Structures are given as C-alpha cells and as structure tokens.
**Q** 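My questions all concern the structure below.
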Amino acid sequence: MHELHITIEGIAQGGDGVGRSDGMVVFARGGLPGEEVRVRLTERKSSYARGEVVEVITASPDRVQPVLATSNHAPWQHIAYEAQVRFKETILREQLAKLAGVDRAPLRPMLVAPHPWGYRNAATLHCDGSACGYYASGSRTVIDLPHDPLLLPALNEALVGLRKVVAESDAVIGSRLRLVREVSLRTSGAFGYSLGTLHPAPGADPAALQRLAHAWFDEVASLAGVCLDDAEFHRTHKAIVGVASLHDTLDEIVFSLSPTSFFQVNLPQAEQMLALVKQALEPAPGQHLLDLYSGVGTFALPLAAAGAKVTAIEDHWDAVTDGERSAALNGIGGVNFLRASVERALVRMEERFDGVVLDPPRRGCHPSVLTELIRLAPPCIVYISCHPGILGRDLMPLLRAGYQIQLLQPIDLFPQTPHIETLVVLQQAALPDPQ
Ligand SMILES: C[S@@+](CC[C@H](N)C(=O)[O-])C[C@H]1O[C@@H](n2cnc3c(N)ncnc32)[C@H](O)[C@@H]1O
C-alpha cells in the first residue's frame with residue numbers, strides 16, 4: 001500500500017491525527033499533533049485518505065509508551081492522560097462550533113477520571129476458537145488479550161479463570177472457545193462479585209456449554225452466575241449456574257442489573273454526572289420530570305428518590321424490568337417506567353414537565369423526538385451525549401427554538417479512548433417582560 005510522509009496538524013473526532021499531502025486531508029491513526037510521521041494508506045478517496053502511522057519520525061512530548069502491544073479498544077493509550085483530556089476538549093469545542101454554531105458557550109474544563117486505567121465494570125470479548133480478546137483495528141481478527149488493563153480487577157480474575165478452565169479441561173468441555181463467539185462480563189464494584197454470559201457460536205453443543213459454564217463458575221470464587229445468551233429469545237438470559245442478575249450501587253441506590261441492560265461502565269464518573277443532573281433539575285416533591293432513554297433508571301430512580309414524580313421511557317425489555325425491580329428494592333414509589341420507543345411515546349404526551357433528561361444512544365435523537373420536546377416545552381433539558389458531532393446536530397433545533405446553554409460539561413468516562421461524554425444543561429430563554 002502507498003505510504004506518505006506528513007506532519008500531523010490536528011486531531012479529529014474519532015481520534016485520528018490529521019495532516020495534509022498535496023492538498024488532500026489525511027487521517028492518520030496513531031498520529032499526534034506536531035509529529036512528523038510515515039503513514040501507510042488503507043483507504044483513498046478523491047478528497048481525503050486514511051491510514052495507519054507506521055513510523056514516528058519526530059515524536060510529540062504527549063506520546064507515551066503504550067501499555068498493550070496492540071489494542072483497538074484502547075486506541076489512545078499512546079497519549080499521556082493530560083493530553084487526552086486536552087484533545088477531547090478541543091474536539092468538543094470544534095464540533096460544537098462547526099455543527100451547532102456554538103462558539104461562545106460556557107464550556108467547562110473536563111471532569112477528569114480519577115482512575116485512567118482499571119475503571120470498566122463491564123466488557124464483551126470476542127472469541128474465535130483460539131483467541132479471546134478484541135478485534136484488531138478495522139478487521140474481524142481477534143487479538144488475544146489475557147489481561148485487559150481497562151477492566152476492574154474482578155473482571156480480569158474472571159477472564160484468567162475462563163482461560164485456565166479452557167486450557168486445562170479441553171477434554172471436559174469438548175471444543176475449547178469455539179463453543180462461544182463472545183463472552184460478556186459485568187462486575188459489581190459495590191458487592192465485589194461478577195456475572196459472566198456466554199454467547200454461543202452457531203451450532204455449539206448445549207451440553208458442552210453447560211460443562212464450560214459449570215467449570216468456569218467452580219474456578220472463579222467471585223463469579224455469582226454464568227448465563228447463556230439465548231439468541232432465539234432475545235429477552236431472556238438464563239442462568240446456567242448461579243444467579244442471572246447482579247446488584248450495584250449508584251448514589252446509594254441499589255440497582256438490579258441483567259446481563260444485557262445498559263448501565264454506566266465507569267461508576268465514579270457516572271456519580272459526578274448524576275450530581276450535575278440533580279443540580280440542574282433540583283428534584284423535589286410536586287415536580288414531574290421526564291427521563292428519556294432511561295435505561296435501568298440511572299437518573300430516574302435518584303430523581304424520584306429525591307421526591308419528584310418521574311416518567312421514564314426505555315425500549316429495552318430487560319432494562320425496564322431491572323428499573324422496576326430496583327424501584328421496588330429501594331422503596332422508591334414515584335417512578336413510572338414506560339416500555340416504549342421514545343419516538344412513539346412522546347407523540348402521545350400532553351403533560352407539562354418541569355424538566356427532562358435526554359440520554360440517547362450514540363446515534364442521537366430522531367428529529368421527531370426534538371420536535372416533540374419543543375412542543376412539550378419543558379423549562380430545563382439536560383442532554384447527555386457520547387458524540388460531540390451528533391450533539392451539535394441535535395442542539396441546533398433546540399437552540400433555534402429558544403433554549404439557551406447554561407452549562408456545557410465534558411466528563412471523561414472513557415480514558416484511553418477518544419470517546420467524549422458531554423452533559424449540556426439547556427434552559428428556556430425567559431419570556432419577554434409584558435411591561
Ligand atoms: C446511552 S443509554 C442511557 C441509559 C441511561 N440513561 C443510563 O445512563 O444508564 C441509551 C438507552 O436508550 C435505550 N434506547 C435506544 N433507543 C431507544 C429508543 N428509540 N427508545 C427508547 N429507548 C431507546 C437503550 O436501550 C439504552 O438503554
């Protein structure tokens with residue numbers, strides 16, 4: 001493949017270094033601003049090209065020795081943590097200026113992570129029969145990863161146990177990791193135990209899966225259960241052995257969590273985010289709040305615990321069941337979960353809400369959701385986004401409708417990766433004084 005010698009001038013959303021060659025923009029994976037690099041091209045279009053840095057000729061002072069030899073799931077591990085934070089702030093500022101025309105917004109400095117490694121409480125690893133780890137950059141080749149430094153220690157303990165069982169008991173299990181195409185792990189920081197889920201490979205022998213689950217469970221003392229992802233019945237995750245759900249705490253609320261429900265992976269940082277949501281919405285008796293894309297009620301339950309009535313909308317079956325179970329477990333009465341898509345549920349709503357939390361998946365909101373929100377006209381909206389470009393796109397209609405940004409707070413939920421989480425507090429502009 002063709003190679004180029006370029007100087008990296010900036011950093012793009014997504015994390016690649018950006019340079020130029022003969023007027024063409026080059027996105028260089030692994031390059032840092034200020035560096036002179038040699039890039040091997042992997043894709044070439046008329047106006048831009050993409051490639052991989054294969055040699056750093058002049059290194060940036062922000063470059064550090066990577067912890068892992070290769071890794072697609074920690075693509076910023078070669079950047080010093082302070083510089084990661086700086087780059088994320090720059091990308092966020094640029095994207096909001098470009099896509100939402102927001103250039104004088106009160107962008108606060110990033111809330112940095114106290115633990116830039118060893119923070120994740122959940123992960124899904126791919127298995128291909130001999131390797132268990134993550135995909136290599138831009139391919140479906142699984143890179144074997146015996147120890148993942150992004151994970152909480154209990155999850156690495158579970159992974160070590162799985163490998164030992166597979167290595168030692170090939171005869172018992174029958175067919176090594178080819179039995180499973182993925183392994184999901186979730187651990188409870190509060191209670192110190194974990195849950196494993198096996199996603200079977202096509203045609204995997206059910207009896208061998210059972211033997212693998214039991215052997216893994218017996219090997220790792222902190223595993224409270226091993227579940228089977230039953231792809232034919234998406235809504236159920238049966239425990240092969242032990243329990244099929246786990247408890248963890250956030251804001252002193254105990255959450256019941258099924259293997260597939262979304263839950264924040266970096267809980268110390270999620271606590272900071274929740275504190276900002278509560279500060280913005282000031283939940284109190286007499287208020288009615290709306291939590292859109294509510295998951296298991298990460299925001300809805302603490303807001304209801306503070307006395308507000310909360311309507312929570314979420315379309316994932318298990319997440320709603322988890323939310324309802326957690327409300328009962330904590331004696332929180334004021335929350336009503338609607339198991340529905342936000343797009344469909346909002347159209348039918350007529351109530352007046354005192355505030356809204358909006359935490360969509362990476363793709364952001366369907367335009368109709370923003371139109372309906374504008375119709376409902378809550379005085380305060382807290383938008384939580386994991387993609388600055390999509391955030392810029394979704395802010396546009398809200399700003400045009402008269403909302404103003406009160407707070408723009410990036411929170412580093414995902415150190416060692418280019419993912420950028422941002423919390424935006426929007427207030428309806430005051431109506432003109434009739435005098
Ligand atoms: C980024 S997560 C946020 C969950 C929750 N707010 C939290 O912090 O844990 C987005 C959630 O939206 C849900 N979701 C995705 N699309 C949806 C839709 N169209 N309608 C309702 N829920 C949806 C997903 O299942 C997921 O639980």
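Both counts, for ligands and for their atoms, begin at 1 and track the order of listing. Small disclaimer: the values here were computed from a predicted structure and weren't measured. Heavy-atom basis, side chains included; hydrogens, waters and symmetry copies ignored. Along the sequence shown, the residues carry numbers beginning at 1.
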**Q** Is Arg344 close enough to touch ligand 1? Criterion: a residue heavy atom under 4.0 Å from a ligand atom.
**A** no
**Q** Looking at atom 8 (O) of ligand 1, what's its closest protein heavy atom, distance included?
**A** Gln264 NE2, 2.7 Å
**Q** To the nearest 0.1 Å, how far is atom 6 (N) of ligand 1 from its closest protein heavy atom, and which atom is that?
**A** Asp359 OD2, 2.9 Å
**Q** With no hydrogens and no angle check, do the side chains of Asp148 and Tyr134 hold a donor and an acceptor under 3.5 Å apart?
**A** yes
**Q** Hey, is Cys386 touching ligand 1 through its side chain, its backbone, both or neither, going by heavy atoms under 4.0 Å?
**A** neither
**Q** Using a strict 4.0 Å cut-off to heavy atoms of Pro360, name the atoms of ligand 1 that fall inside it.
**A** 1 (C)
**Q** State the atoms of ligand 1, each with its element, that fall below the 4.0 Å cut-off from a heavy-atom position in His316.
**A** 25 (O)
**Q** Compute whether any side-chain donor of one residue and acceptor of the other, for Arg186 and Thr197, lie under 3.5 angstrom apart.
**A** no
**Q** Among Leu399, Leu407, Leu358, Val382, find the one that has a side-chain contact (heavy atoms from CB on, under 4.5 Å) with Leu426.
**A** Leu399
**Q** Among protein heavy atoms, which sits nearest to atom 17 (C) of ligand 1, and what does the distance come to when rounded to 0.1 Å?
**A** Asp315 OD2, 3.4 Å
**Q** I'd like the name of whichever of Phe263, Phe299, Phe262, Trp317 reaches closest to atom 2 (S) of ligand 1 through any heavy atom.
**A** Phe262
**Q** In terms of side-chain heavy atoms, does Ser222 have a donor or acceptor partner in Glu157 at a distance below 3.5 Å?
**A** yes
**Q** Mind checking whether Phe87 and Trp76 have parallel, tilted or perpendicular rings, split at 30° and 60°?
**A** perpendicular
**Q** What residue and atom, counting heavy atoms only, is the protein's closest point to atom 15 (C) of ligand 1, and at what distance?
**A** Pro361 CG, 3.6 Å
**Q** Which residue and atom name correspond to the protein heavy atom nearest atom 20 (N) of ligand 1, and how close is it?
**A** Val342 N, 2.9 Å
**Q** Using a distance-only test with no angle check, is there a side-chain donor-acceptor pair under 3.5 angstrom linking His288 and Thr311?
**A** yes
**Q** Using distance alone, decide if ligand 1 has a nitrogen or oxygen within less than 3.5 Å of any nitrogen or oxygen in Ser341.
**A** no
**Q** So, 4.0 Å and heavy atoms of Ala340: is ligand 1 close enough to count as a contact?
**A** yes
**Q** Got the closest protein heavy atom to atom 12 (O) of ligand 1, with its distance?
**A** Tyr293 CB, 3.4 Å
**Q** Between Thr187 and Ser194, does any side-chain donor sit less than 3.5 Å from a side-chain acceptor?
**A** yes
**Q** Please classify the Glu343 to ligand 1 contact at 4.0 Å (heavy-atom distances, strictly less than): side chain, backbone, both or neither.
**A** side chain
**Q** Checking a contact table here: which protein heavy atom is nearest atom 25 (O) of ligand 1, and how many Å away?
**A** Glu314 OE2, 2.7 Å
**Q** Applying a 4.0 Å heavy-atom criterion (strictly less than), which segment of Ser294 is in contact with ligand 1: side chain, backbone, both, or neither?
**A** backbone
**Q** Between His126 and Tyr135, is the ring centroid distance below 6.0 Å?
**A** yes
**Q** Counting N and O atoms only, with roles assigned by atom type, does the side chain of Gln287 sit under 3.5 Å from a partner on the main chain of Leu281, one being a donor and the other an acceptor?
**A** yes
**Q** Would you mind checking which non-hydrogen protein atom is closest to atom 9 (O) of ligand 1, with the distance to 0.1 Å?
**A** Thr298 OG1, 2.6 Å
**Q** Looking just at side-chain N and O atoms, do Ser184 and Thr124 make a donor-acceptor pair shorter than 3.5 Å?
**A** yes
**Q** Look at the rings of Tyr48 and Phe27 and say which category their plane angle falls in: under 30° parallel, 30 to 60° tilted, over 60° perpendicular.
**A** perpendicular
**Q** Does Ala319 have a non-hydrogen atom less than 4.0 Å from ligand 1?
**A** no
